[in-house]
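Heavy atoms only: backbone and side chains are in, while hydrogens, waters and symmetry mates are out. What you see is a predicted model, and the numbers here were worked out from it, not measured in a lab.
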Amino acid sequence: MSERHVDGPLQPGDRAPNIVLDAITRDGKVALEDFRGQSPILIGLFRGLHCPFCRRHIAAQAQLDAALLEKGVESLTVVNTPIERARLYFRYHPLPNLLAASDPERISHRAFGLPTLEFTENETEWPHKVGMDVVMSMQVDIPGELSGPMNRLAAAEQLNKKDGYEMMDADQRMAATGEGQLFGQFLLDREGIVRWTFTEVPEGGQRMFGMPSPQELMSAASQVAG
């Protein structure tokens with residue numbers, strides 16, 4: 001697949017590129033072209049499964065799959081994790097009806113205009129560079145899962161420990177190159193036009209590790225499906 005470079009994330013009204021990836025939860029390939037003319041689709045472009053925040057975003061999106069399907073909206077989860085590692089994870093952490101695909105090179109993330117942050121000592125030029133001083137000042141709070149607000153690194157460590165997630169070589173490789181990958185969710189209509197988005201890019205980093213509310217996502221899905 002040829003790469004498409006855009007200036008920032010795709011926005012409502014933009015035509016989404018076709019992406020063709022290896023399916024994780026079934027055999028063969030997954031292509032966005034397969035859905036065009038058939039049904040709207042919500043595509044979530046996440047970091048790898050090594051990211052505990054993205055594992056929670058994936059589960060949250062999957063919890064809406066049945067409600068989305070009732071409206072005629074399909075759902076696709078894309079992870080920056082090699083396929084065998086991803087298949088191993090979902091074998092032991094199955095999510096009903098999940099359609100997931102592997103993109104270890106993050107080609108689809110770039111095609112949808114999601115930047116990768118470069119981590120620096122103290123230079124921030126959002127969303128392309130971020131200083132570790134800023135990263136350490138970002139407070140993450142997940143009530144019921146974290147003991148309280150804490151910086152991203154401490155939160156990730158605590159969540160991985162809570163999940164019992166063991167970092168394998170494949171995870172280490174993905175983290176080394178894609179730890180700064182920003183994630184996004186894009187809702188496409190039947191013709192492949194973007195109608196709604198949620199990404200970590202806006203607001204100078206204030207959306208980092210956040211996710212849309214189920215109500216916001218389902219409201220957008222209702223409008224697209226209607």
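Side-chain atoms of Ile41 and Leu187, non-hydrogen and from C-beta on, never get closer than 4.5 Å to each other. Residues Cys54 and Leu49 are not in side-chain contact: their nearest non-hydrogen atoms beyond the backbone lie 4.5 Å or more apart. Looking at heavy atoms from C-beta onward, Asp14 lies in side-chain contact with Gln11 at the 4.5 angstrom threshold. Asp171 places a side-chain heavy atom less than 4.5 Å from the side chain of Tyr165. Contact check for Val78 versus Ile43: side-chain heavy atoms found under the 4.5 Å cut-off. Proximity of Arg47 to Arg55: side-chain heavy atoms (C-beta onward) are nowhere separated by under 4.5 Å. The side-chain heavy atoms of Leu117 and Trp126, taken from C-beta on, include a pair separated by under 4.5 Å. With a 4.5 Å cut-off on side-chain heavy atoms, Leu42 and Phe186 do not count as touching.
Cluster annotation: Ile24 is not connected to Val30 through the hydrophobic network of ILVMFWY side chains, with a link wherever side-chain heavy atoms come within less than 4.5 Å. Taking hydrophobic clusters as Ile, Leu, Val, Met, Phe, Trp and Tyr residues chained together by side-chain heavy-atom distances below 4.5 Å, Leu188 does not share a cluster with Leu69. In the hydrophobic clustering of ILVMFWY residues, with side-chain heavy atoms under 4.5 Å counting as a link, Met167 and Met174 come out apart. In terms of hydrophobic clustering, with Ile, Leu, Val, Met, Phe, Trp and Tyr side chains grouped at heavy-atom distances under 4.5 Å, Trp196 and Ile193 are assigned to different clusters. At a threshold of 4.5 Å between side-chain heavy atoms, the hydrophobic network of Ile, Leu, Val, Met, Phe, Trp and Tyr places Phe209 and Val135 in one connected group.
Rounded to the nearest 0.5 Å, atoms CG (Leu146) and CD (Gln139) are 10.5 Å apart. One distance of note links CZ of Arg190 with CD of Glu74; it measures 11.0 Å at 0.5 Å rounding. Here the straight-line distance linking atom CG of Leu98 with atom CD of Gln61 works out to 8.5 Å at 0.5 Å rounding. One finds the CZ atom of Phe198 at 8.5 Å from the CE atom of Met211 (value rounded to the nearest 0.5 Å). Separating the CD1 atom in Ile19 from the CG atom in Asp103 is a distance of 7.0 Å, to the nearest 0.5 Å. We find the CG-OG distance between Leu64 and Ser75 to be 8.0 Å, quoted to the nearest 0.5 Å.
Across all their heavy atoms, Asp65 and Pro96 have their closest contact at OD2-O, 4.2 Å. Scanning all heavy atoms of the two residues, the minimum distance from Leu153 to Met132 falls at CD1-CE, 4.1 Å. Val140 and Ala155 make their closest contact through CB-CB, 4.1 Å (heavy atoms, listed as atom of the first residue, atom of the second, distance).
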| message | Test side-chain contact (heavy atoms from CB on, under 4.5 Å) on Val134 and Met138; report intermediate values, then the result. | response | CA-CA 6 Å; Val134 173; Met138 290 179 176; 4.0 Å; yes
| message | Apply side-chain contact (heavy atoms from CB on, under 4.5 Å) to residues Val20 and Glu33 and explain how you reach the verdict. | response | CA-CA 8 Å; Val20 182; Glu33 285 286 355; over 6 Å; no
| task | For the pair Phe119 and Val130, evaluate side-chain contact (heavy atoms from CB on, under 4.5 Å) and give the outcome as yes or no after the intermediate values. | result | CA-CA 5 Å; Phe119 293 103; Val130 65; 3.5 Å; yes
| field | Step-by-step side-chain contact (heavy atoms from CB on, under 4.5 Å) determination, Val73 to Ser39 | value | CA-CA 6 Å; Val73 179; Ser39 66; over 6 Å; no
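Side chain of Ser222 to backbone of Met218: a donor-acceptor contact under 3.5 angstrom is found. The main-chain N or O of Ser147 is found under 3.5 Å from a side-chain atom of Gln158 such that the two form a donor-acceptor pair. Here the side chain of Arg110 pairs no donor or acceptor atom with the backbone of Thr116 at under 3.5 angstrom. One N or O on the side chain of Asn18 and one on the backbone of Leu32 form a donor-acceptor pair closer than 3.5 Å. Between the side chain of Thr25 and the backbone N or O of Ala100 there is at least one donor-acceptor pair closer than 3.5 Å. Between the side chain of Asn80 and the main chain of Pro104, a donor-acceptor pair closer than 3.5 Å is present. Arg85 places no side-chain N or O within donor-acceptor distance of the main-chain N or O of Ala170, the cut-off being under 3.5 Å.
The list of ring-ring contact (aromatic ring centres under 6.0 Å, His included) pairs with a residue in residues 10-30, not counting sequence neighbours, is empty. Within the structure, salt bridge (Lys or Arg N to Asp or Glu O under 4.0 Å) contacts touching residues 138-154 (residues at least two apart or in different chains) are Arg56-Glu145, Glu145-Lys162, Arg152-Glu179. Residue pairs meeting the ring-ring contact (aromatic ring centres under 6.0 Å, His included) criterion with at least one member in residues 25-50, sequence neighbours excluded: Phe46-Phe183.
Annotation: Gln172, atom CD; neighbour count of heavy atoms from other residues, nucleotides and ligands within 6.0 Å is above 12. More than 12 heavy-atom neighbours from other residues, nucleotides or ligands sit within 6.0 angstrom of CG on Asp133. By the neighbour-count criterion of 12 heavy atoms within 6.0 Å, atom CD of Glu121 is sparsely surrounded, having that number or fewer from other residues, nucleotides or ligands.
Put simply, the residue from Leu114, Thr197, Val194 that forms a side chain to side chain contact (heavy atoms under 4.5 Å, CB included) with Pro9 is Leu114.
Using a 4.0 Å cut-off between a side-chain N of Lys or Arg and a carboxylate O of Asp or Glu, Glu123 and Lys129 qualify as a salt bridge.
No hydrogens or angles considered: nothing links the side chains of Ser102 and Asp22 as a donor-acceptor pair under 3.5 Å.
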